[in-house]
Amino acid sequence: MPYIVVQSPREIGSELRQSIRGSLKKEYPLSFPVFQVNPKLIGGLRIFKNGTTFDFSWLNRIHSFINF
């Protein structure tokens with residue numbers, strides 16, 4: 001069973017959590033994502049799946065813009 005963590009800058013509502021869980025269960029049917037609040041993200045989401053990071057946060061976009 002993969003370890004999945006979903007980070008957001010503030011608490012995610014129950015409907016959005018269910019939607020995210022549904023999407024992740026298609027790929028990983030036995031998974032149960034853990035949701036965390038990380039205010040440093042500013043906006044967007046960061047997802048950790050099986051040791052891989054998918055960073056869709058505003059903080060990542062800012063870093064990409066500064067470092068390009």
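Residues Pro2 and Ser31 approach most closely at CG-CB, 4.1 Å, considering heavy atoms. Scanning all heavy atoms of the two residues, the minimum distance from Arg46 to Leu41 falls at NH2-CD2, 3.1 Å.
Rounding to the nearest 0.5 Å gives a distance of 9.5 Å between CD of Gln18 and NZ of Lys25. Here the CZ-CD1 distance, from Arg10 to Ile42, works out to 14.5 Å after rounding to the nearest 0.5 Å. Interatomic distance, Arg17 CZ to Ser8 OG, rounded to the nearest 0.5 Å: 7.5 Å.
With hydrogens and angles ignored, the 3.5 Å screen pairs no side-chain donor or acceptor of Ser19 with any backbone N or O of Glu15. The backbone N or O of Asp55 sits nowhere less than 3.5 Å from a side-chain atom of Thr53 that would complete a donor-acceptor pair.
Hydrophobic cluster membership for Ile20: Ile4, Val6, Ile12, Leu16, Leu24, Tyr28, Phe35, Leu45, Ile47, Phe54, Phe56 (Ile, Leu, Val, Met, Phe, Trp, Tyr linked by side-chain heavy atoms under 4.5 Å, directly or transitively).
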Query - Worked check of side chain to side chain contact (heavy atoms under 4.5 Å, CB included) between Phe48 and Gln7 - result: CA-CA 8 Å; Phe48 301 94; Gln7 290 185 338; 3.7 Å; yes
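Under a hydrophobic-cluster definition in which Ile, Leu, Val, Met, Phe, Trp and Tyr are linked whenever side-chain heavy atoms come within less than 4.5 Å, directly or via other members, Ile66 and Trp58 are assigned to the same cluster.
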